[in-house]
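The first residue in the sequence is number 1, and the count goes up from there. Remember, it's a predicted structure, so these values are computed and weren't measured experimentally. Start at 1 and go down the list; that is how both ligands and their atoms are numbered.
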Amino acid sequence: MTEPKTKVLLSREEIAQKVKHLAGEVSRDYSGKTPLLICVLKGAVVFLSDLMRFLDIPVEIDFMAVSSYGKSTHTSGVVRILKDLEGSIEGKDVIIIEDIVDTGLTLDYLRENLLSRNPRSLKIAALLDKPERRKVQIEPDYRGFYIPDEFVVGYGLDFNEKYRNLPHISVLLEFE
Ligand code: 5GP
């Protein structure tokens, strides 16, 4: 099988600059607090690890895994928890760390699910946003980049579990 072609959309330098900027905003907004960063596995793991190292406030981290596209590039609309948090979030200042908002269904589900656990506050940080595909009204509080409606890989994002280790974000061309 030949490898699908990719085209760089965001370079590692552009991403690093943006993540640093977002970390500055988070550090300022949460000054004097210790937010809990909830990383949505697996795609947001690279974003989380870069973002948290640019923060100059104390943080806690936890991980959650939800079902997404599986081996396809189209959302099913059904969200399932595959791995839940280790600890309680009651009374905590929670920030969901997500790789990309597409239809918004995943984040909408996560937001409602986490709100029912009584955090003190809940915000969303998403590195990428594809606004054209939105099906539910949801906006990240911290947004890295708006991107067009194309399937992207790299910097944690996969296609059939591959490409997560690319240091940049690329559009996947000529696949399926
Ligand atoms: P939503 O529920 O907003 O439609 O989708 C969110 C999830 O779909 C993301 O967390 C991500 O796992 C996946 N996703 C959406 N768009 C893309 C994309 O362009 N590339 C990859 N690799 N995953 C995507």
Does Gly104, backbone or side chain, put an N or O under 3.5 Å from an N or O of ligand 1?
yes
Would you give the length of the straight line joining atom CG of Asp141 to atom CD of Glu25, rounded to the nearest 0.5 angstrom?
10.5 Å
Would you indicate which of Ile100, Leu41, Val101 comes nearest to atom 9 (C) of ligand 1 when only heavy atoms are counted?
Ile100
Distance alone, cut at 3.5 Å: any donor-acceptor contact between the side chains of His21 and Gln17?
no
Ligand 1 atoms nearer than 4.0 angstrom to some heavy atom of Glu98 are 10 (O)
Under 4.0 Å from any heavy atom of Asp158, which atoms of ligand 1 are there?
21 (C), 22 (N)
Is there a donor-acceptor pair closer than 3.5 Å between any side-chain N or O of Ser27 and the backbone N or O of Asp56?
yes
Could you label the plane-to-plane angle of the Phe159 and Phe151 rings as parallel, tilted or perpendicular, counting under 30° as parallel and over 60° as perpendicular?
perpendicular
If we set the cut-off at 4.0 Å for heavy atoms, which region of Lys130 has an atom near ligand 1: side chain, backbone, both, or neither?
side chain
Give a yes or no on whether Lys42 atom NZ has more than 12 heavy-atom contacts from other residues, nucleotides or ligands under 6.0 Å away.
no
Does Glu112, at its CD atom, have more than 12 non-hydrogen atoms belonging to other residues, nucleotides or ligands within less than 6.0 Å?
yes
With a cut-off of 4.0 Å, which atoms of ligand 1 are near a heavy atom of Thr106?
1 (P), 2 (O), 5 (O), 6 (C)
Logged contact type for Glu150 with ligand 1, heavy-atom cut-off 4.0 Å, is backbone
Any non-hydrogen atom of Phe151 lying under 4.0 Å from ligand 1?
yes
Are a donor atom and an acceptor atom from the side chains of Asp99 and Tyr155 found within less than 3.5 Å of each other?
no
So for Asp99, does at least one of its heavy atoms come nearer than 4.0 angstrom to any atom of ligand 1?
yes
Is the shortest distance from a Lys or Arg side-chain nitrogen in Lys130 or Glu150 to a carboxylate oxygen in the other one below 4.0 Å?
no
Counting from 1 in the order shown, the ligand 1 atoms closer than 4.0 Å to a non-hydrogen atom of Leu105 are 2 (O), 3 (O)
Please confirm whether Val152 comes under 4.0 Å of ligand 1, counting heavy atoms of the residue only.
yes
